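Any value given below was found using the heavy atoms of this structure, including those in side chains, with hydrogens, waters and symmetry copies removed. None of these values were measured; they are calculated from a predicted model.
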Amino acid sequence: MVTLTQKWIERYTPTSKLKKIADPQSKGLYFISRLSGRHSYVLDFCCQGQRHSLTLGRVSELSLAQAREKAAQERAKRDPRLPFQDTVPTLILFDDFGDDFLAHHGRHWKPITAKWNQTNYRLHVLPFFKGMMLQHISAENVQVWQHQQSHHGGLSLLSSMMKKAEALGLIPAGSNPCKGLRQPTQRLTGYALTPQELTLVWQGLDKGIAGCDTVTRLIRLLLLTGCRGGELRTLKQCDYRAGKLYLPDSKTGTKTVCLSSFARYWLDRQQQVSTNAFLFSDGYGEVTHGRLSRAWRAIREALNLPHVRLHDLRHTYATLALEHGEHLLNVGKLLGHEHPETTLRYAHLATSAMYQASEQVSQAIARGLQS
């Protein structure tokens with residue numbers, strides 16, 4: 001007979017579609033394994049001629065100790081021969097719960113998502129709720145915190161944490177203090193380079209103001225593809241084939257980038273001088289975030305463009321596509337956006353296209369009035 005332990009459960013690999021393993025320490029408690037990995041705890045017992053069967057929760061939500069405690073409580077509710085104690089939940093510091101949440105739940109996130117959430121938690125969530133008891137956080141506390149936030153993404157992370165606390169029974173069911181609150185709509189604060197600024201940057205790259213050829217080609221490709229800096233910096237040789245980029249871990253998951261002939265020209269040139277598995281590498285190694293940032297800082301200073309961020313090259317790519325009549329859905333696919341609403345945020349940058357549309361509609365109305 002298998003002796004269930006927390007360590008055994010965490011290391012368990014299912015070998016059949018469905019397996020029911022009894023816990024010898026808690027009568028009626030079973031560990032249910034599935035090939036999908038969505039294991040759970042089930043309480044199954046008979047009392048006074050009546051059979052009781054209920055799911056206690058998933059393994060990802062309950063530890064074995066918590067499942068045993070919950071099983072004992074549920075049995076006591078249904079069996080009058082057992083003493084029932086409605087235990088008062090132990091107060092838990094938000095700091096401790098947050099650390100446990102990120103350590104345990106973060107295993108199910110992509111590496112880039114895990115890093116984003118950890119930074120978001122450390123900089124924007126923890127400073128406000130630090131020292132508060134998890135059970136004492138109210139909707140009013142969350143609203144005050146939300147009004148102080150200038151960074152997006154914090155509310156969804158906090159809401160996920162509170163949902164987990166509900167599932168673990170640490171706070172009452174339905175008491176999520178984030179319930180009903182919405183993340184404020186974020187208007188894109190990016191900047192699209194003017195044609196003159198775009199020409200100035202390209203000519204500056206021709207003169208070598210980026211400092212080295214590899215970084216110069218990387219910045220050219222950011223302009224020509226609309227990719228994020230991290231997507232190209234971490235691009236590997238095997239990710240560039242058949243005239244496309246196959247990005248295994250972009251912000252929105254796997255992503256395929258169709259390349260223009262101009263972009264392929266610069267990629268082919270870089271591929272010839274790459275020194276390791278990373279496509280953008282040279283005698284100094286691969287291009288790190290710091291190295292790229294320093295190069296862009298030098299470009300801004302040399303060209304007197306202090307207001308232009310590196311990510312604005314992506315905004316410029318999207319804006320030019322919209323101004324040249326590309327459909328919103330096509331632009332979204334080029335940028336790798338998961339939802340059309342994300343691409344729609346770029347519309348306010350493409351002002352010339354809206355002026356043209358306004359002019360055309362006005363002329364059509366004028367012609368109709370004159371006829």
### Residue pairs involving residues 155-175 (criterion salt bridge (charged side-chain N to carboxylate O under 4.0 Å, His left out); sequence neighbours excluded)
none
### Distance in Å, R294 CZ paired with H289 NE2, rounded so as to fall on 0.5 Å steps
10.0 Å
#### Entry: Flag, side chain of K19 to backbone of P14, donor-acceptor distance under 3.5 Å
no
### Query
What pairs with Q118 under side chain to side chain donor-acceptor pair (under 3.5 Å), at least two apart in sequence or on another chain?
none
### Query
Run the side-chain contact (heavy atoms from CB on, under 4.5 Å) check on L158 and F129 step by step: do they pass?
CA-CA 10 Å; L158 182 61; F129 296 101; 3.8 Å; yes
### Query
How would you list, by chain and number, every residue that makes a side chain to side chain contact (heavy atoms under 4.5 Å, CB included) with S281, sequence neighbours excluded?
S274, T275, N276, F278, E286
#### Entry: Salt bridge K255-D239, side-chain N to carboxylate O under 4.0 Å
no
### Query
Can you list the residues that meet the side chain to side chain donor-acceptor pair (under 3.5 Å) rule with Y240, with sequence neighbours excluded?
D268
#### Entry: For T194, side chain to side chain contact (heavy atoms under 4.5 Å, CB included) partners two or more places apart
Y191, Q196, E197
Could you go through residues 34-46 and list every donor-acceptor pair under 3.5 Å that involves a side-chain atom there, pairing it with any protein atom two or more places apart or in another chain?
residue : atom : partner : partner atom : Å
R34     : NH1  : R38     : O            : 3.0
R34     : NH1  : S40     : OG           : 3.1
S36     : OG   : R38     : N            : 3.4
H39     : ND1  : R34     : N            : 3.1
D44     : OD1  : R51     : NE           : 3.3
D44     : OD1  : R51     : NH2          : 3.2
D44     : OD2  : K20     : NZ           : 3.0
D44     : OD2  : R51     : NH2          : 2.8

### Task
For Q143, enumerate each residue passing the side chain to side chain donor-acceptor pair (under 3.5 Å) test, keeping only those at least two apart in sequence or located in another chain.
none
### Residue pairs fulfilling ring-ring contact (aromatic ring centres under 6.0 Å, His included) with at least one residue in residues 212-239, sequence neighbours excluded
none
### Query
With a 4.5 Å limit on heavy-atom distance, are the side chains of L218 and L232 in contact?
yes
### Query
Under 4.0 Å between a Lys/Arg side-chain N and an Asp/Glu carboxylate O for K7 and E10?
no
#### Entry: Donor-acceptor under 3.5 Å (Q146 side chain, L155 main chain)
no
### Message
Hydrophobic cluster membership, with links at side-chain heavy-atom distances under 4.5 Å among I/L/V/M/F/W/Y: are I137 and F97 in one?
### Response
yes
### Message
Checking H104 now: which residues fulfil ring pair (Phe, Tyr, Trp, His ring centres under 6.0 Å) with it, not counting sequence neighbours?
### Response
none
Less than 3.5 Å apart, which donor and acceptor atoms pair up between the side chains of residues 296-303 and the rest of the protein, not counting sequence neighbours?
residue : atom : partner : partner atom : Å
W296    : NE1  : V308    : O            : 3.1
R300    : NH1  : P306    : O            : 3.3
R300    : NH1  : V308    : O            : 3.2

Would you mind writing out the side-chain donor-acceptor pairs for residues 256-266 within the sub-3.5 Å range, not counting sequence neighbours?
residue : atom : partner : partner atom : Å
S260    : OG   : A263    : N            : 3.2
R264    : NH1  : L259    : O            : 2.8
Y265    : OH   : R269    : NH1          : 3.0

### Task
Identify, with sequence neighbours excluded, every residue that meets side chain to side chain donor-acceptor pair (under 3.5 Å) alongside T199.
none
### Query
What distance separates I219 CD1 from F280 CZ, expressed to the nearest 0.5 Å?
10.5 Å
